[in-house]
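Here the structure is laid out as structure tokens; the discussion comes afterwards.
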Amino acid sequence: MAIKILGIETSCDDTAAGVVEDGSKLLSNVISSQSQLHAIHGGVVPEVASRQHVRDLVPVLERATANAGLGLEEMDAIAVTYGPGLAGSLITGVNAAKAIAYSLGIPLIGVNHLEGHIYASWLAQSNLEDDPGFPLACLVASGGHTDLLLMEGHGKYKLVGRSRDDAAGEAFDKAARILGLGFPGGPEIQRVSEGATGEEKLPRAWMKDTLDFSFSGLKTALLHMAQDRGIYPSPQEGVDQERLIRELAAAFQESVVDVISSKLVDMAAKYKVKGLVLGGGVTANTRLREEIIRRSPLPVIVPPPILCTDNGAMIAACGYFQYQRGEESAIDIDVDPGLPLG
Ligand code: KG4
Ligand code: ZN
């Protein structure tokens with residue numbers, strides 16, 4: 001019998017639920033994004049996010065089960081993100097999952113959000129045709145993390161590199177704000193960078209002899225360059241604002257892409273892995289995906305962009321592997337905003 005798992009994700013500003021069969025077959029994936037709501041503030045406002053999850057979660061759950069053509073009572077287990085993330089946001093999803101699991105008498109499975117991003121690569125929509133086997137080098141690059149994880153088997157991780165300051169996604173969001181672009185910043189930077197000539201260059205923080213990253217200096221370098229070129233804090237007369245925004249956005253994107261792809265490929269060689277796995281919102285970035293694939297001699301497993309950003313299907317996929325190992329959570333499981341992986 002096929003195992004059907006409902007995955008719930010409310011760790012940040014997306015209210016999401018998805019149904020996955022046997023850890024890889026996506027039956028539904030419903031995402032209600034709050035980005036419009038937070039855009040006027042230029043970033044996620046935690047209190048606004050948690051209130052909106054309360055409004056959106058039930059309709060999202062109804063659509064996720066309806067799109068899968070299944071009733072809640074047909075689920076074998078409920079998987080839910082219990083950390084890391086914003087406490088008030090996580091609580092909404094965890095409480096809903098507890099109520100459903102308890103009332104149906106089925107297992108509740110608490111999932112680490114970062115591990116969920118990795119398991120998006122196990123969904124059939126990703127390009128994993130031939131399983132390269134373990135170990136794998138995983139990059140999780142999101143709004144809160146830039147982690148390099150050695151995955152030695154299902155559920156077995158070692159954190160071997162991370163950002164010491166801003167996460168890559170956070171840096172993209174801050175860079176977009178400097179350039180007067182919208183929120184979230186990553187997709188905006190990618191969009192305006194198209195057609196850039198590459199005439200502007202920003203530095204790279206290589207952080208020698210470590211797989212750790214640093215992105216806050218790059219953001220400051222961008223700020224200084226934007227001031228110097230006369231587009232920040234407001235455009236000066238006579239400057240070609242459109243061209244400068246395009247070139248500075250592209251310079252920023254190239255710096256991030258260069259450092260991340262270089263360290264990930266180095267890590268893969270150092271730990272003699274069999275393949276690379278990408279996950280998290282920043283890995284939706286076209287240039288980052290292209291560059292990692294171009295530089296890596298090993299297979300690169302990457303989900304389609306919609307499964308890189310936060311979604312419930314990845315939580316269901318991850319939950320399936322925990323279910324198979326009998327890793328059920330207690331019904332009184334609490335949220336863990338700082339939950340580590342590896
Ligand atoms: O994984 P995610 O959806 O949520 C968190 O777990 O944080 O990642 C969101 C982050 C945001 O910072 C957003 O700007 C970034 O991912 N992002 C991108 C792109 N799409 C989303 N960054 C660069 N290029 C993109 N295309
Ligand atoms: Zn995420």
Side-chain angles (χ1 to χ4, degrees), residues 7-16 18 29 31-35 38-39 41-44 46 49 53 80-86 89-90 93 111-121 138-147 149 162-163 166-179 181-194 213 215 218-219 249-250 252-261 277-292 302-315 317-318 337-339 341:
I8 301 175
E9 158 59 45
T10 65
S11 67
C12 189
D13 63 336
D14 288 309
T15 315
N29 192 33
I31 304 161
S32 175
S33 166
Q34 301 179 4
S35 57
H38 300 286
H41 307 288
V44 177
H53 284 307
V80 63
T81 304
Y82 74 105
L86 301 168
S89 290
L90 290 164
V111 171
N112 183 311
H113 180 79
L114 304 171
E115 192 177 4
H117 275 305
I118 291 172
Y119 274 91
S121 279
C138 305
L139 162 71
V140 179
S142 68
H145 294 80
T146 313
D147 290 349
L149 292 142
R162 62 183 174 93
S163 176
D166 293 352
E170 187 182 358
F172 267 103
D173 294 339
K174 288 177 177 169
R177 219 175 304 159
I178 293 169
L179 297 175
L181 302 169
F183 172 83
E188 287 291 291
I189 300 257
Q190 174 173 322
R191 182 180 60 79
V192 302
S193 297
E194 277 166 30
F213 302 96
F215 295 109
L218 174 61
K219 173 195 66 196
F252 175 85
Q253 179 173 261
E254 288 309 308
S255 287
V256 175
V257 166
D258 193 9
V259 176
I260 294 183
S261 46
V277 170
L278 314 186
V282 178
T283 68
N285 186 275
T286 310
R287 276 291 299 131
L288 181 63
R289 298 157 76 98
E290 274 174 6
E291 204 50 29
I292 293 171
V302 57
I306 188 68
L307 295 171
C308 290
T309 48
D310 291 351
N311 66 85
M314 69 184 197
I315 302 305
C318 186
L339 183 69
L341 184 65

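Counting starts at 1 for both ligands and their atoms, in listed order. Predicted model, so just to flag it, every value in this text is computed and none were measured.
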Please confirm if an N, O or S atom belonging to His113, backbone or side chain, lies less than 2.8 Å from the Zn ion (ligand 2).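 Yes - counting backbone and side chain alike, His113 has an N, O or S atom under 2.8 Å.
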
Hey, is there an N, O or S on His145 sitting under 2.8 Å from the Zn ion (ligand 2)?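 For His145, the answer is no, given that no N, O or S atom comes within less than 2.8 Å of the Zn ion (ligand 2).
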
Please calculate the OD1(Asp310)-the Zn ion (ligand 2)-NE2(His117) angle and round it to 10 degrees.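 Computed angle, vertex at the Zn ion (ligand 2), rounded to 10 degrees: 100°.
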
Side chain to side chain contact (heavy atoms under 4.5 Å, CB included) between Leu218 and Val259: does it pass, once the steps are laid out? CA-CA 11 Å; Leu218 174 61; Val259 176; over 6 Å; no

Should the proximity of Asp173 to ligand 1, defined as any heavy atom under 4.0 Å, be assigned to the side chain, the backbone, both, or neither?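 Side chain only; the backbone of Asp173 stays clear of ligand 1.
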
Using a heavy-atom cut-off of under 4.0 Å, does the side chain or the backbone of His145 touch ligand 1, or both, or neither?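 It is neither part, as no heavy atom is under 4.0 Å.
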
Tell me: protein heavy atom nearest [atom], and distance?
{"atom": "atom 24 (N) of ligand 1", "answer": "Asn285 ND2, 3.0 Å"}
{"atom": "atom 2 (P) of ligand 1", "answer": "Asp310 OD1, 3.3 Å"}
{"atom": "atom 26 (N) of ligand 1", "answer": "Gln190 OE1, 2.9 Å"}

Number the atoms of ligand 1 from 1 as they appear, then name those within less than 4.0 Å of a heavy atom of [X], with their elements.
{"X": "Gly185", "result": "14 (O)"}
{"X": "His117", "result": "1 (O), 6 (O)"}
{"X": "Gly144", "result": "7 (O)"}

Please work out which of Ser193, Gly281, Pro187 has its closest non-hydrogen atom nearest to atom 8 (O) of ligand 1.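 Minimum heavy-atom distance to atom 8 (O) of ligand 1 goes to Gly281.
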
Ignoring hydrogens and angles, state whether a donor on the side chain of Gln34 or Ser32 is under 3.5 Å from an acceptor on the partner side chain.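 No, because no side-chain N or O of Gln34 sits under 3.5 Å from a partner of the opposite role on Ser32.
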
Check the orientation of Phe215 and Phe213. Use parallel for under 30°, tilted for 30 to 60°, and perpendicular for over 60°.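 Parallel, since the angle between the ring planes stays under 30°.
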
Applying side chain to side chain contact (heavy atoms under 4.5 Å, CB included) to Arg287 and Val256, what does each step give before you reach the verdict? CA-CA 10 Å; Arg287 276 291 299 131; Val256 175; over 6 Å; no

For ligand 1 and [X], I'd like to know whether there is a polar contact (N/O to N/O, distance under 3.5 Å).
{"X": "Gly143", "answer": "yes"}
{"X": "Gly169", "answer": "yes"}
{"X": "Gly186", "answer": "yes"}
{"X": "His113", "answer": "yes"}

With side chain to side chain contact (heavy atoms under 4.5 Å, CB included) as the test, would you mind laying out the steps for Val111 and Tyr119 before giving the verdict? CA-CA 11 Å; Val111 171; Tyr119 274 91; over 6 Å; no

Going from CG on Asp310 to CD1 on Ile315, what distance comes out if it is rounded to the nearest 0.5 angstrom?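 Here the interatomic distance stands at 8.0 Å.
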
Just how far is it from atom CZ of Arg191 to atom CG of Leu181, taken to the nearest 0.5 Å?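 Those atoms lie 7.0 Å apart.
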
Under 3.5 Å, side chain of Gln190 to main-chain N/O of Thr286, donor-acceptor pair present?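 At least one qualifying donor-acceptor pair exists.
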
Using modelled atom types only, decide if a donor and an acceptor are shared between the side chain of Asp173 and the backbone of Gly185 within a distance under 3.5 Å.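 Indeed, once roles are kept as given, a pair shorter than 3.5 Å links the two residues.
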
Identify the residue among Ile292, Val282, Leu149, Val302 that makes a side chain to side chain contact (heavy atoms under 4.5 Å, CB included) with Leu139.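 One option only clears the test, and that one is Ile292.
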
